[in-house]
Amino acid sequence: MRLLEKVIAESAWAADVDLSDVVLVGVKHNKAIAVDISLVGDGQLKGISAAGTGAKKDPKYVALQVVIDKMNDLFGAETFAASQVREFVQGLVQLLLADPNLVQQTKVNSKKQFLESQDFQAAVTEAVAENQYAHNTLADYFFTDGPAINAIIIALADAFYEAAVDQQVEST
């Protein structure tokens with residue numbers, strides 16, 4: 001699609017695009033549920049039927065989803081549950097948002113300039129280390145017979161119950 005960017009730019013929307021020599025050269029497949037991806041019928045693809053029918057997506061969530069997708073590509077979808085990757089990424093973003101210097105850099109730089117920031121790369125490395133330390137410490141405590149474990153498990157059961165009931169209400 002990147003190669004077609006000039007052809008499908010706003011100024012060239014009316015231009016004819018010949019896709020007759022486009023060939024699918026690869027499909028990334030993670031073993032999950034089998035899906036038939038073959039073309040049916042006479043091989044003609046159906047185009048967009050109406051403009052503007054999709055919902056506008058919040059750029060914040062789109063950007064988070066890109067990070068999650070890249071991590072899933074890196075580790076494979078079977079390695080971690082989608083919620084684990086999502087929570088890891090959201091935890092990192094929250095840690096990084098707590099850094100006033102990084103937040104200030106977003107105010108005084110363009111996105112392109114910020115993406116090249118060495119400060120951000122160092123902050124990500126530090127945030128990953130902090131996140132890992134926090135998760136490991138919490139996990140280690142759960143595997144000991146600490147005095148507060150039962151109270152934490154009961155509180156967690158209460159929170160889980162409320163979340164599950166809320167989820168059931170939302171889905172009906």
Side-chain angles (χ1 to χ4, degrees), residues 1-6 8-9 24-35 37 54-172:
M1 286 306 279
R2 287 184 298 229
L3 300 175
L4 295 174
E5 182 177 17
K6 292 178 184 172
I8 59 177
L24 179 64
V25 294
V27 174
K28 181 177 179 177
H29 180 70
N30 292 326
K31 188 175 180 181
I33 299 171
V35 177
I37 62 169
K56 185 175 185 324
K57 296 180 180 173
D58 187 337
K60 173 177 61 176
Y61 296 117
V62 172
L64 280 175
Q65 190 59 49
V66 169
V67 176
I68 292 167
D69 292 343
K70 288 187 181 301
M71 290 189 69
N72 282 334
D73 287 346
L74 178 64
F75 294 108
E78 296 87 25
T79 306
F80 302 106
S83 61
Q84 290 173 313
V85 175
R86 188 178 323 105
E87 293 299 321
F88 178 80
V89 170
Q90 288 173 336
L92 286 179
V93 169
Q94 291 305 312
L95 279 172
L96 294 167
L97 282 171
D99 186 334
N101 293 329
L102 291 179
V103 173
Q104 179 62 26
Q105 285 184 26
T106 64
K107 294 177 182 176
V108 298
N109 290 302
S110 69
K111 184 185 269 190
K112 183 180 185 311
Q113 291 169 324
F114 184 76
L115 293 175
E116 297 169 353
S117 170
Q118 295 298 316
D119 293 342
F120 186 75
Q121 292 179 12
V124 168
T125 302
E126 187 176 323
V128 168
E130 286 179 27
N131 209 15
Q132 179 182 10
Y133 175 75
H135 282 274
N136 287 345
T137 302
L138 290 167
D140 288 347
Y141 190 77
F142 265 87
F143 292 115
T144 65
D145 288 330
I149 290 296
N150 282 341
I152 292 172
I153 290 174
I154 290 170
L156 184 59
D158 182 45
F160 174 80
Y161 182 88
E162 294 299 328
V165 168
D166 188 47
Q167 185 178 21
Q168 291 171 11
V169 170
E170 287 178 3
S171 65
T172 56

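Nothing fancy with the numbering, it's 1 onward along the sequence.
The salt bridge (charged side-chain N to carboxylate O under 4.0 Å, His left out) contacts involving residues 122-133 comprise nothing, where partners must be two or more places apart or lie in separate chains. The ring-ring contact (aromatic ring centres under 6.0 Å, His included) contacts involving residues 83-111 comprise nothing, where partners must be two or more places apart or lie in separate chains. Sorted by first and then second residue, the salt bridge (charged side-chain N to carboxylate O under 4.0 Å, His left out) pairs with a member in residues 109-119 read Lys112-Glu116; sequence neighbours excluded.
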Please report, to 0.1 Å, the donor-acceptor pairs under 3.5 Å made by any side chain of residues 92-103, with sequence neighbours excluded.
residue : atom : partner : partner atom : Å
Asp99   : OD1  : Asn101  : N            : 3.0
Asp99   : OD1  : Leu102  : N            : 3.4

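By the side-chain hydrogen bond (donor to acceptor under 3.5 Å, both in side chains) test, Asn109 is found to be paired with no residue, residues two or more places apart in sequence or in another chain being considered. Under the rule for a side-chain hydrogen bond (donor to acceptor under 3.5 Å, both in side chains), Thr106 has no partner lying at least two apart in sequence or in another chain. Under the rule for a side-chain hydrogen bond (donor to acceptor under 3.5 Å, both in side chains), Thr125 has no partner lying at least two apart in sequence or in another chain. Scored by the side chain to side chain contact (heavy atoms under 4.5 Å, CB included) test, Gln118 finds Gln121 as partners (sequence neighbours excluded). Residues meeting the ring-ring contact (aromatic ring centres under 6.0 Å, His included) test with Phe120, sequence neighbours left out: Phe114. Applying the side chain to side chain contact (heavy atoms under 4.5 Å, CB included) criterion to Gln132, with sequence neighbours excluded, gives Asn136.
No side-chain donor-acceptor contact under 3.5 Å links Glu162 to the backbone of Ala159.
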